[in-house]
Amino acid sequence: QVQLVESGGGAVQAGGSLKLSCAASAYAIRYYYMGWFRPAAGKGRERVASITPAGTTSYAGSGEGRFSISKDNAKNTMYLQIHSLIPEDTAMYYCAADPNQTKLWLESARYWGQGTQVTVSS
């Protein structure tokens, strides 16, 4: 069983930055594909960014430019740095993990956290 625990969300003004954290098990952070997701109108959750076990990063359309995903294997933690926040970034952000990249990208990951809320005011 893999547990994922997000933290770091909060209320910020537009233009600010936040760094979200996802604490995971040592095995998951090293060997699973992991990513950050948020709800999207009409499609459940959308992938914002993802990272492979080797550390290769990938960003979906909404995550390009202002989002940066990373992980620290020694701390068993994955991060999502968000710069230049806009009100449209307001959402619950979830981390997810799966041994299979395709399942992760299709929002069908086996493991999900409970989410951390980001609220951006204009």
Side-chain angles (χ1 to χ4, degrees):
Q1 185 73 15
V2 172
Q3 287 193 326
L4 303 173
V5 181
E6 302 95 333
S7 62
V12 296
Q13 289 193 325
S17 298
L18 277 177
K19 188 172 186 178
L20 310 183
S21 299
C22 174
S25 68
Y27 190 88
I29 203 76
R30 285 163 178 77
Y31 300 114
Y32 283 14
Y33 295 87
M34 299 185 69
W36 289 95
F37 295 76
R38 67 184 186 184
K43 63 175 294 187
R45 295 174 182 173
E46 65 172 357
R47 182 174 61 92
V48 174
S50 56
I51 189 165
T52 70
T56 301
T57 60
S58 175
Y59 299 91
S62 61
E64 293 282 359
R66 298 185 297 110
F67 292 65
S68 179
I69 189 171
S70 62
K71 63 173 180 169
D72 185 335
N73 288 356
K75 296 183 178 180
N76 298 333
T77 303
M78 178 179 66
Y79 304 98
L80 183 70
Q81 178 79 55
I82 314 175
H83 299 286
S84 302
L85 281 154
I86 58 177
E88 290 74 14
D89 293 324
T90 295
M92 185 75 80
Y93 285 74
Y94 299 89
C95 70
D98 197 279
N100 185 289
Q101 181 170 263
T102 299
K103 289 185 177 180
L104 181 77
W105 281 35
L106 292 176
E107 296 109 51
S108 298
R110 186 179 304 177
Y111 304 105
W112 292 87
Q114 294 301 306
T116 185
Q117 178 69 37
V118 172
T119 302
V120 184
S121 59
S122 57

Notebook entry, point to check: Is there a side-chain contact between Met92 and Tyr94 (heavy atoms, below 4.5 Å)?
Noted result: yes
Check: Taking only residues two or more places apart in sequence, or in another chain, which ones meet Pro87 in a side-chain contact (heavy atoms from CB on, under 4.5 Å)?
Finding: Ala14, Val120, Ser122
Notebook entry, point to check: Among Leu4, Ile51, Asp72, which one satisfies side-chain contact (heavy atoms from CB on, under 4.5 Å) with Met78?
Noted result: Ile51
Next item on the list: List the atom of Val2, the atom of Ala28, and the distance in Å for their closest heavy-atom pair.
Entry: CG1-CB, 3.7 Å
Notebook entry, point to check: Looking only at heavy atoms, which two atoms of Val12 and Leu85 are closest? And how far apart?
Noted result: CG2-CD1, 3.4 Å
Check: Heavy-atom distance under 4.5 Å between the side chains of Asp89 and Phe67, does that happen here?
Finding: yes
Checklist line | Contact check, side chains of Ser68 and Tyr59, non-hydrogen atoms, under 4.5 Å | finding: yes
Next item on the list: Report the residues that fulfil ring-ring contact (aromatic ring centres under 6.0 Å, His included) with Phe37, sequence neighbours left out, ordered by chain and then residue number.
Entry: Trp112
Margin query: Same cluster or not: Met34 versus Tyr79, using hydrophobic residues (I, L, V, M, F, W, Y) connected whenever any side-chain heavy atoms lie under 4.5 Å apart?
Written below: no
Check: Are Tyr33 and Ile69 connected, step by step, through hydrophobic side chains (Ile, Leu, Val, Met, Phe, Trp, Tyr) whose heavy atoms are closer than 4.5 Å?
Finding: no
Notebook entry, point to check: Is Gln114 atom CD crowded by more than 12 heavy atoms from other residues, nucleotides or ligands, each under 6.0 Å away?
Noted result: no
Next item on the list: Nearest 0.5 Å please: distance from the NZ atom of Lys19 over to the CD atom of Gln81.
Entry: 6.0 Å
Next item on the list: Measure across Leu80 and Ala49 and return the closest heavy-atom pair with its distance rounded to 0.1 Å.
Entry: CD1-CB, 4.1 Å
Margin query: Has Lys71 got a side-chain atom pairing as donor or acceptor with Cys22's backbone, closer than 3.5 angstrom?
Written below: no
Checklist line | Non-neighbouring partners of Ser58 that pass side-chain hydrogen bond (donor to acceptor under 3.5 Å, both in side chains), sequence neighbours left out | finding: Arg47
Next item on the list: Scan residues 99-108 for pairs that pass side chain to side chain donor-acceptor pair (under 3.5 Å), counting only residues two or more places apart or in two chains.
Entry: Ser50-Trp105
Check: Under 3.5 Å, side chain of Asp98 to main-chain N/O of Arg110, donor-acceptor pair present?
Finding: yes
Checklist line | Same apolar cluster: Ile29 and Leu104, side chain cutoff 4.5 Å | finding: no
Item checked: Heavy-atom closest pair, residues Ser17 and Ser84 -> OG-N, 4.2 Å
Check: Sequence neighbours excluded, which residues qualify as side-chain hydrogen bond (donor to acceptor under 3.5 Å, both in side chains) partners of Tyr93?
Finding: Arg38
Margin query: Using modelled atom types and a 3.5 Å cut-off, is there a donor and acceptor pairing between side-chain atoms of Glu6 and backbone atoms of Ser21?
Written below: no
Next item on the list: Output every pair passing ring-ring contact (aromatic ring centres under 6.0 Å, His included) with a member in residues 5-31, not counting sequence neighbours, ordered by first then second residue.
Entry: Tyr27-Tyr31, Tyr27-Tyr32
